[in-house]
Amino acid sequence: MFIKRKKGWEIPESQATPEAVFRNRRRFLTASVGGATAIGGGAYLAFSGGDGAGATAATQVAQADPSAGFYPAPRSMRYRLDRELTEEKTATTYNNFYEFGTSKNIWQAAQKLPIRPWQVKIDGLVDKEMVLDIDDLLKKVQLEERLYRHRCVEAWSMAVPWTGFPMKALVEIANPKSSAKYVRMETFNRPDIASGMKASFYPWPYIEGLTVEEAANEMTLLATGVYGKPLPKQMGAPLRLVTPWKYGFKCVKSIVRFTFTDERPRSFWEVAQGSEYGFWANVNPKVSHPRWSQASEELIGTGGKRVPTQLYNGYGDFVAQLYTGLEQKGERLWM
Ligand code: MTE
């Protein structure tokens, strides 16, 4: 049963492409190719109108990525923004991806990452371990677009139109045993192409973790696309986590492995600097980072405009119940 939740932040996102436009493009795409089987060619037609000359960025993506025909996916209207979407150019050129360097300007270096073939292993406390090809996984799930706020622990934020599928669907595919309490997620390990991974003081590969309940929460998205196209490499292609009520470092990029376990995973940042970055990392404006305040955030791409930060990044109605009673048990929920 759908229950309409009234939220203070439900105002229209004027910069976003209207849902009807997305739906029409999707219909055109389906009509062009008869579904998801002839992906590359169909996407090329849909985006370029069949004109092979002067390929746009979108057609280049369509030609290079076999999943391009899945985009744009229909937008969910359940998750609304209180701000303009961040410009695509800004979100795709201001990134954290330490495998490719510690600056925000790694988008070109990240192009070295080969994203096909790409296999995802599901193991640990599951019914049956498996290895799935990313394109086979995409055929098993239903993609949708969701507009989410994205809040980095460094006190900046964006508003991003992700495309992906609820992580709950992957939990169902994995069919974990009742003894599984956590999901550990792991990024590729390729110091040969990702020069940042040669920095030995970081605990590579990048690891993150969620409880199984968090993974199955409706907000938890495994993103495969953004801005109506497949994810660019610098944003974590071909598969990344999106948990918008947590600080951005939880959103592990370019995942190759999901391990269901009864032990709480120790994440990359927790191992690197546990006093500043913990397991839960839920957004809370009242709990400062040891070195800076979390009370407000800079909206990237607006020339320095700041807005107040919201508890759980404004998503408390969806997720707060996951954490009932945990603080009383001594858990550090906010960093
Ligand atoms: N995942 C991997 N594998 N490596 C990283 O360095 N950085 C994290 C997270 N996921 C990171 C990662 C941090 S600190 C943030 S804020 C977000 O990715 C940034 O995502 P974006 O570049 O798409 O904005």
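Counting convention: from 1, in listed order, for ligands and their atoms alike. Note that these values count all heavy atoms, side chains included, but never hydrogens, waters or copies made by symmetry. As the structure is a prediction and not an experimental result, all values here were calculated from the model.
In terms of modelled atom types and a separation under 3.5 Å, the side chain of Thr220 and the main chain of Glu214 share a donor-acceptor contact. The backbone N or O of Gly248 sits nowhere less than 3.5 Å from a side-chain atom of Arg151 that would complete a donor-acceptor pair.
The N/O atoms of Gln234, backbone and side chain alike, include none that comes under 3.5 Å of an N/O atom in ligand 1. The N/O atoms of Tyr94, backbone and side chain alike, include none that comes under 3.5 Å of an N/O atom in ligand 1. Between Phe249 and ligand 1, a contact under 3.5 Å exists for no N or O pair. Taking any N or O of Asn96, backbone or side chain, at least one lies under 3.5 Å from an N or O belonging to ligand 1.
Note on ring orientation: taking the six-membered ring where Trp is involved, the planes of His289 and Tyr277 are tilted (angle from 30° to 60°).
Here Phe70 contributes atom CZ and Thr224 contributes atom OG1; the two are 9.0 Å apart, rounded to the nearest 0.5 Å.
In the vicinity of Asn95, heavy-atom distances shorter than 4.0 Å reach the ligand 1 atoms 21 (P), 22 (O), 23 (O). Residue contact check: Tyr98 has heavy atoms under 4.0 Å from atoms 5 (C), 6 (O) of ligand 1. Annotation for ligand 1: atoms under 4.0 Å from non-hydrogen atoms of Cys152 are 16 (S). Numbered from 1 in the order shown, with element, the atoms of ligand 1 that lie under 4.0 Å from a heavy atom of Met235 read 23 (O). For ligand 1, the atoms sitting less than 4.0 Å from at least one non-hydrogen atom of Thr187 are 3 (N), numbered in the order shown with element in parentheses.
In this structure Tyr202 satisfies the ring pair (Phe, Tyr, Trp, His ring centres under 6.0 Å) test together with Tyr98, Trp204, Phe268, Trp269, sequence neighbours excluded.
Given atom 10 (N) of ligand 1, the protein heavy atom at minimum distance is Cys251 O, 2.8 Å. The single protein non-hydrogen atom nearest to atom 18 (O) of ligand 1 is Lys253 CE, 3.4 Å, given as residue, atom name and distance. For atom 17 (C) of ligand 1, the closest non-hydrogen atom on the protein side is Gly248 O, 3.5 Å. For atom 23 (O) of ligand 1, the closest non-hydrogen atom on the protein side is Arg240 NH1, 2.9 Å. Shortest contact from atom 5 (C) of ligand 1 to any protein heavy atom: Tyr206 CE1, 3.3 Å. When only non-hydrogen protein atoms are considered, atom 4 (N) of ligand 1 lies nearest to Glu99 OE1, 2.8 Å.
For the pair Ser254 and ligand 1, no heavy-atom separation below 4.0 Å is found. At least one heavy atom of His150 sits less than 4.0 Å from an atom of ligand 1. Contact between Glu208 and ligand 1 is absent, with no heavy atom of the residue lying under 4.0 Å from the ligand.
Both cation-pi conditions hold for Lys250 and Phe279: the charged atom is under 6.0 angstrom from the six-membered ring centre and inside a 45 degree cone around its axis. Cation-pi geometry between Lys253 and Phe97 is met: the NZ or CZ atom falls under 6.0 Å from the ring centre, inside 45° of the normal.
In this structure, a donor-acceptor pair under 3.5 Å is absent between the side chains of Trp107 and Asn95. In this structure, a donor-acceptor pair under 3.5 Å is present between the side chains of Thr309 and Glu297.
Summarising the local packing, CD of Glu263 is surrounded by 12 or fewer heavy atoms from other residues, nucleotides or ligands at distances under 6.0 Å.
Between Arg332 and Trp280, the shortest heavy-atom distance links the atoms O-CD1, 3.4 Å.
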